[in-house]
Amino acid sequence: SRPAQVLDRLFALQAQDLVQARWALGARTKQPAEREVDAAFEAGAIVRAWCLRGTLHAVAAQDVPWLISLLGERNLKRVAARHRQL
């Protein structure tokens, strides 16, 4: 499996800590390689986004548009009070 294929199966991976997210993705590939995970991020096949639960997750780039359309308004409402505080 390649890193993007791992995310196709998992859907998302908590990625607040990028180093640990890279490790977790790499460990789930057939031939773990840090450079392959980095290459997937650099190529834009995998992205970190705040689509879920208000924390960073690694998700396949192809999933970001529908996640934002599904959860974006809800997330904006959830953080509106905090935004006003800041």
Side-chain angles (χ1 to χ4, degrees):
S1 300
R2 303 188 72 107
Q5 292 170 322
V6 169
L7 284 175
D8 283 340
R9 286 192 316 271
L10 293 177
F11 172 65
L13 181 79
Q14 207 284 338
Q16 201 72 15
D17 182 331
L18 180 57
V19 173
Q20 293 302 313
R22 290 168 58 224
W23 181 87
L25 279 168
R28 288 169 172 81
T29 61
K30 284 185 180 176
Q31 296 177 328
E34 186 177 341
R35 67 183 175 281
E36 189 173 352
V37 174
D38 289 343
F41 274 111
E42 290 169 16
I46 296 172
V47 297
R48 288 188 337 163
W50 274 281
C51 300
L52 307 160
R53 290 190 349 212
T55 61
L56 279 167
H57 283 77
V59 296
Q62 68 212 29
D63 290 332
V64 172
W66 72 262
L67 283 168
I68 290 173
S69 76
L70 180 67
L71 302 170
E73 186 176 338
R74 176 179 170 258
N75 286 338
L76 287 174
K77 287 179 183 176
R78 186 178 47 76
V79 300
R82 179 67 176 144
H83 183 262
R84 285 189 297 276
Q85 283 178 331
L86 294 172

What about Phe41 and Leu56, same hydrophobic cluster or not, with Ile/Leu/Val/Met/Phe/Trp/Tyr joined at side-chain heavy-atom distances under 4.5 Å?
no
Determine whether Leu71 and Trp66 fall in the same hydrophobic cluster, where Ile, Leu, Val, Met, Phe, Trp and Tyr are linked whenever their side-chain heavy atoms lie under 4.5 Å apart.
yes
Any side-chain heavy-atom pair of [X] and [Y] under 4.5 Å:
{"X": "Gln16", "Y": "Gln14", "value": "yes"}
{"X": "Arg22", "Y": "Asp38", "value": "yes"}
{"X": "Trp50", "Y": "Leu67", "value": "no"}
{"X": "Val59", "Y": "Ile46", "value": "no"}
{"X": "Leu18", "Y": "Arg48", "value": "yes"}

Please report the shortest heavy-atom distance between [X] and [Y], naming the atom on each side.
{"X": "Asp8", "Y": "Ala60", "value": "OD1-CB, 4.1 Å"}
{"X": "Leu10", "Y": "Leu13", "value": "CD1-CD1, 4.2 Å"}
{"X": "Thr29", "Y": "Pro3", "value": "CG2-N, 3.8 Å"}
{"X": "Ala61", "Y": "Pro65", "value": "O-CD, 3.5 Å"}

I need the [X] [atom1] to [Y] [atom2] distance, nearest 0.5 Å.
{"X": "Leu7", "Y": "Gln5", "atom1": "CG", "atom2": "CD", "result": "10.5 Å"}
{"X": "Leu25", "Y": "Glu36", "atom1": "CG", "atom2": "CD", "result": "10.5 Å"}
{"X": "Asp63", "Y": "Ile68", "atom1": "CG", "atom2": "CD1", "result": "11.0 Å"}
{"X": "Arg28", "Y": "Trp23", "atom1": "CZ", "atom2": "CH2", "result": "7.0 Å"}

Check whether the side chains of Arg82 and Gln85 place a donor and an acceptor atom closer than 3.5 Å, and report yes or no.
yes
